[in-house]
Amino acid sequence: MIRHLLANYEEAAAIILFAVGFSTLLFHRNLIKKLIGMNIMDTGTFLLLASMGYIRGRKAPIIENGVQEVSAYINPVPAGLVLTGIVVSVSVTAVMLSLSVRLYKRYHTLDLDDIYNLSKHEKEDR
Amino acid sequence: MQMSIIWNFPLFTVVLSLFSGVLCMMLPARSARNYTIAYESVLIVMVSCVLGYAINTGKAFTYPMGEFPAPWGNEIRAGVLEALIALLFLIVLMCSILAGYHFLCKDIDESKQNLYFSLLNLMTAALMAMAWTNDIFTGYVFLEILTLTSCGILIVREIGRTTLAAVRYMIMNLVGSGLFLLGVVLLYDISGHLLMVPMRESLASVAADPSSIPALSLSIGILTIGLGIKSGMFPFHFWMPDTYGWATPTSGSVLSSLVSKAYLFLLFKIYIRTIGVDVLRQTPILKILFILGICGMVIGSVSAMRASTINQMVAFSSAAQIGYIYMGIGLGTFAGFNAALFQIFAHAATKSLLFLTTPYLAEVSGDSLKFHELQGSGRRDTLAGFFFTVGSLSMIGIPIFAGFASKLIFGQAAIMTTQPYKILLVMIALAVSSLLNALYFIRTLIRIYSDSGDTSKPSPKQAIRFDRGRAGYILAGIILTTGNIFLGMFSWVISDMIYRGLGMFL
């Protein structure tokens, strides 16, 4: 078990990062810390993808010096997926930050439990 | 196969929706609304053509993006089931816009209404792409676009409870998206493909080695939990009442009837087209989904009985209805998948009608959704009362309505499994859930039709008036009621199409 983990230390680190981010996103009460957790979780996934796509001794798939064998290059798809994932992650972070700002302006706190308690006492129609 | 102009229509639906999203940002509010209705009508015609084409030819077609062939390029695929789901999405979306516009004008400042339609159009692009895509990572990208636009149409109603509901909704969705992405990455790691069919072929060869089943189960399980959280599967359904209850009616209807169904349809595509039913049956996932589905059916209904507002009740009832779908998937047979897919149609037609009707009942009850304030509201607004009655009877499972046909198909699917414990559990769950549905919906019906004795509220005579602002609601109500009765009386038509679509999936 330990031997497998050490041999695949990049994947192991990625899963640990994912777990740390996941638990922070789910269980932390502070909105900003939740967002940081989300970004750590996404980074874990990106690390997993990047480590899958990297093969020692191979190069980026740009033909150099006429070398055309597939075995000389890495698969470019995981890198493309990471880039797409980063774009998605940034967009989601921006929306969440704007929501946090709006909540802070209204309730003057970023603690979700406090916000929930404050909102329960508001009288709102429909 | 000879390429037809119709082959381009699925891509057109996505591109046109994206273009419309940008265009609506520049239009005034009313023009944005009229333009959205006009272009959604064009999309309905296009998707109907695709459906007709798929039925006539008896085959699904694949559209390679940029003409790069599989397994390198990205693909769109259209068969009977994809077209049917896309058509359902568009019709319900159109009805939601028509019926909810009256409240949209109240809830959103006029200067921002065009942005709301912009978001709806971007959401349409995501819904269409998720219906048509043949690539699992494209599914993830549009799933995130759907999450962002869902959050957008939720927060446009600028009150504290909506913002809080949006934050909680986003957090749960982000957890779901994170797990889904991890599941996709692990499956890509195992199979080396992102296109659905090559991935299924690769996974089938991997699953031939029994030692690979735990790794496969883990990957599929993570992906399933991700989509389960996003679609409101028990025990991850607690965000639903606030999200659906505090949104403007169009958003509530769209979120409950379409967004959660888009996630479920993607799950179907992944299970049947990407993983393969044979591989899936080797994992314990179907059994877990079966149990969670049954728990959701009962606990969702129990929560609905304890709700304090009518929207909370309808939202918890959604959790129970989602439970039906997961129970159907958990049966692990094509009859079970057929029942679950039929339930998507029945639930979308019924729940949108209910969510679009409750605000009209509240409007004649001092703008309150609390049960005691709604006393007599069905008499004060007879049309809203009628549409709520139709939706309620369908939810209970009264014959001629969609809910009855759905329960019947679930019962038949359970019997076809020939496994006594599954038959028994499904029958008990259907009976208990129907009984609980009857308890809380009949209680609500009695309340909205009983005399309130409050002279300050409008009298029944005032309620029958027909004004221009309600024309959209009446039209949408008639369309959804007709759809509901059609699904109930001619369930075999849709069920047959679903079977054909499932056949084309393979």
Side-chain angles (χ1 to χ4, degrees), chain A residues 11 14-15 18-19 21-23 25-26 28 31 34-35 37-42 44-53 75 77-78 80-82 84-85 87-89 91-96 98-107 110 112 115-116 118-126, chain B residues 72 103 106-107 137-138 140-141 143-145 147-149 151-152 154-155 157-175 177-179 181-186 188-189 192-194 222 229 242 245-246 248-249 309 311 358-359 362-363 365-370:
Chain A
E11 282 84 353
I15 296 299
F18 186 91
F22 183 81
S23 51
L25 173 60
L26 203 57
H28 220 289
L31 265 173
K34 272 183 184 293
L35 268 176
M38 184 203 84
N39 278 284
I40 294 173
M41 182 178 82
D42 282 347
T45 316
F46 301 148
L47 178 62
L48 184 64
L49 262 171
S51 63
M52 272 161 46
N75 177 5
V77 175
L81 299 184
V82 171
T84 315
V87 172
V88 170
S89 175
S91 321
V92 171
T93 308
V95 172
M96 276 300 285
S98 68
L99 280 176
S100 307
V101 170
R102 189 186 272 192
L103 275 180
Y104 186 79
K105 276 185 182 167
R106 191 177 179 99
Y107 298 106
L110 284 168
L112 259 187
I115 293 172
Y116 184 69
L118 289 168
S119 73
K120 271 204 299 194
H121 300 298
E122 284 182 321
K123 160 98 180 72
E124 274 163 1
D125 295 332
R126 189 170 59 75
Chain B
W72 297 285
F103 293 100
K106 281 185 175 179
D107 292 339
F137 197 79
T138 307
Y140 164 72
V141 172
L143 175 137
E144 287 286 26
I145 294 176
T147 304
L148 288 173
T149 48
C151 181
L154 190 56
I155 53 167
R157 195 176 173 210
E158 293 181 78
I159 59 173
R161 292 297 293 265
T162 320
T163 313
L164 180 62
V167 168
R168 295 176 83 186
Y169 177 72
M170 271 299 271
I171 290 167
M172 290 314 293
N173 267 278
L174 293 178
V175 171
S177 300
L179 289 170
L181 179 62
L182 185 64
V184 169
V185 168
L186 290 173
Y188 175 57
D189 197 6
H193 291 284
L194 289 168
I222 288 173
I229 292 173
D242 272 1
W246 291 106
T248 188
T309 68
N311 264 12
T358 52
E363 198 177 31
S365 311
D367 257 344
S368 172
L369 287 162
K370 290 202 162 44

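Convention: sequence-line order gives letters A, B, ...; per-chain numbering from 1.
- To the nearest 0.5 angstrom, B/M172 atom CE is 9.0 Å from A/L25 atom CG.
- With a threshold of 4.5 angstrom between heavy atoms, A/Y116 approaches chain B through its backbone and through its side chain.
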Step-by-step side-chain contact (heavy atoms from CB on, under 4.5 Å) determination, B/Y140 to A/V88: CA-CA 10 Å; B/Y140 164 72; A/V88 170; 3.7 Å; yes

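- Both the backbone and the side chain of B/L164 come within contact range of chain A, with heavy atoms under 4.5 Å apart.
- A heavy-atom distance below 4.5 Å is not found between the side chains of A/F22 and B/L174.
- Contact count against chain B (heavy-atom pairs under 4.5 Å) is highest for A/L49 among A/L49, A/V87, A/L118.
- Heavy-atom distances place both the backbone and the side chain of A/S91 under 4.5 Å from chain B.
- To the nearest 0.5 Å, the span separating CD1 on B/I171 from CG on A/L31 amounts to 5.5 Å.
- Annotation: side chain of B/V175 is not in contact with side chain of A/M38 (no heavy-atom distance under 4.5 Å).
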Show your working on side-chain contact (heavy atoms from CB on, under 4.5 Å) between B/L194 and A/L81 and close with a plain yes or no. CA-CA 10 Å; B/L194 289 168; A/L81 299 184; 3.8 Å; yes

B/I222 and A/F18: CA distance, side-chain angles, deciding distance, side-chain contact (heavy atoms from CB on, under 4.5 Å) verdict: CA-CA 12 Å; B/I222 288 173; A/F18 186 91; 5.9 Å; no

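- Distance OG1/B/T163 to CG/A/L103: 5.5 Å, rounded to 0.5 Å.
- Rounded to the nearest 0.5 angstrom, B/C151 SG and A/L99 CG are separated by 4.5 Å.
- With a 4.5 Å cut-off on non-hydrogen atoms, B/L179 touches chain A through its backbone and its side chain both.
- For a residue to count as touching a neighbouring chain, one of its non-hydrogen atoms must lie under 4.5 Å from one of that chain's; by this rule A/V92 touches chain B with backbone and side chain alike.
- Nearest heavy-atom pair across A/M52 and B/Y188 is CE-CD2, 3.6 Å.
- Interatomic distance, A/S51 OG to B/D189 CG, rounded to the nearest 0.5 Å: 7.5 Å.
- Here the straight-line distance linking atom OG of A/S119 with atom CG of B/D242 works out to 7.5 Å at 0.5 Å rounding.
- A/L48 places a side-chain heavy atom less than 4.5 Å from the side chain of B/L186.
- With a threshold of 4.5 angstrom between heavy atoms, A/L35 does not approach chain B through any atom at all.
- Within the 4.5 angstrom heavy-atom criterion, no atom of B/N173 approaches chain A.
- Per-residue heavy-atom pair counts under 4.5 Å with chain B were compared for A/E11, A/M96, A/K34, A/R102, and the maximum is reached by A/R102.
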